[in-house]
Amino acid sequence: VQLQASGGGLVQPGGSLRLSCAPSGYTYSIDDMAWYRQASGKQRELVAQVSNSGAARYADSVRGRFTISRDNAKNTIYLQMNNLKSEDTAVYYCHAKMRVAIVVVTPQDYWGKGTQVTVSS
């Protein structure tokens, strides 16, 4: 099972993008899901996280501009990014803690391959 993310691209400052992420196959259960990002030359940082009950938390730098949401029926999370700034330019990674089978007792960390978001005029 892999996490598949989509929706990145090039956008002008002030524009919007929507990222989505879902597992490629069957999962027994999914706990927290999140988006991280890594800008060139910087460490990977948490952008937003959502629990399986829908509770969300955000990095201070994106609060009020980004919204994370989750569709449990589709095992999909979304990141709506509005009022994008040049400093939002990064590779965005999807993360989830999942049990891919009932025999897996402890949820494991899974990462998507990343999708590039570039904010530039």
Side-chain angles (χ1 to χ4, degrees):
V1 176
Q2 298 177 341
L3 289 174
Q4 296 180 330
S6 62
L10 172 64
V11 65
Q12 293 185 344
S16 299
L17 282 175
R18 188 193 196 206
L19 307 182
S20 62
C21 175
S24 60
Y26 170 80
T27 58
Y28 176 71
S29 68
I30 305 177
D31 293 344
D32 292 347
M33 300 184 77
W35 289 98
Y36 287 74
R37 68 186 180 187
Q38 187 167 19
S40 180
K42 295 186 177 181
Q43 291 187 331
R44 190 173 298 189
E45 63 175 356
L46 176 68
V47 176
Q49 183 181 60
V50 61
S51 70
N52 55 13
S53 65
R57 63 187 183 106
Y58 299 89
D60 289 343
S61 59
V62 307
R63 188 175 292 111
R65 300 187 297 121
F66 291 11
T67 302
I68 190 169
S69 60
R70 177 168 179 165
D71 184 336
N72 287 332
K74 298 179 179 179
N75 287 335
T76 300
I77 60 167
Y78 306 94
L79 185 68
Q80 179 65 44
M81 305 184 292
N82 297 328
N83 191 20
L84 282 159
K85 303 176 181 180
S86 58
E87 51 262 43
D88 296 317
T89 295
V91 178
Y92 284 69
Y93 296 91
C94 177
H95 171 268
K97 296 187 75 71
M98 306 190 297
R99 295 172 62 191
V100 297
I102 193 171
V103 297
V104 176
V105 176
T106 304
Q108 303 297 306
D109 292 302
Y110 288 81
W111 292 90
K113 289 185 177 180
T115 183
Q116 176 71 45
V117 171
T118 302
V119 184
S120 175
S121 55

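Computed from a prediction, not measured in an experiment: that's the story for all the values here. All residue numbers refer to positions in the sequence shown, counting from 1.
Atoms OG and CE, from S69 and M33 in turn, are 11.0 Å apart once rounded to the nearest 0.5 Å.
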Legend entry - Intermediate values then yes/no, side-chain contact (heavy atoms from CB on, under 4.5 Å), V47 and M81: CA-CA 11 Å; V47 176; M81 305 184 292; over 6 Å; no
Inset, instruction - Would you sort out whether R37 and V62 count as a side-chain contact (heavy atoms from CB on, under 4.5 Å), showing the intermediate values? - result: CA-CA 12 Å; R37 68 186 180 187; V62 307; 3.9 Å; yes
Inset, instruction - Tell me, with the steps shown, if Y28 and V104 meet side-chain contact (heavy atoms from CB on, under 4.5 Å). - result: CA-CA 9 Å; Y28 176 71; V104 176; over 6 Å; no
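Salt bridge status for D88 with K85: absent, with no side-chain N to carboxylate O gap under 4.0 Å.
A side-chain hydrogen bond (donor to acceptor under 3.5 Å, both in side chains) with K97 holds for exactly one of T106, D31, D109, N52; it is D109.
Within 6.0 Å of CD in Q43 there are 12 or fewer heavy atoms belonging to other residues, nucleotides or ligands. With a 6.0 Å radius and a threshold of 12 heavy atoms from other residues, nucleotides or ligands, R57 has its CZ atom at or below the threshold.
Within the structure, the ring pair (Phe, Tyr, Trp, His ring centres under 6.0 Å) test picks out the following pairs touching residues 97-121 (sequence neighbours left out): Y36-W111, H95-W111. Applying the ring pair (Phe, Tyr, Trp, His ring centres under 6.0 Å) test to every pair with at least one member in residues 51-81, sequence neighbours left out, gives no pairs at all.
R70 places a side-chain N or O within donor-acceptor distance of the main-chain N or O of S51, the cut-off being under 3.5 Å. The closest donor-acceptor contact from the side chain of T115 to the backbone of A5 lies at 3.5 Å or more, if one exists at all.
For the pair A22 and T76, the tightest heavy-atom approach, listed with the atom from each and the gap, is CB-OG1, 3.4 Å. Scanning both residues, C94 and I77, for their nearest heavy atoms gives SG-CD1, 4.0 Å.
Residues E87 and V119 fail the side-chain proximity criterion, which asks for heavy atoms closer than 4.5 Å. Taking 4.5 Å as the limit, some side-chain heavy atom of M98 sits within range of a side-chain heavy atom of P23.
The closest side-chain donor-acceptor pair between S120 and T118, if any, does not fall under 3.5 angstrom.
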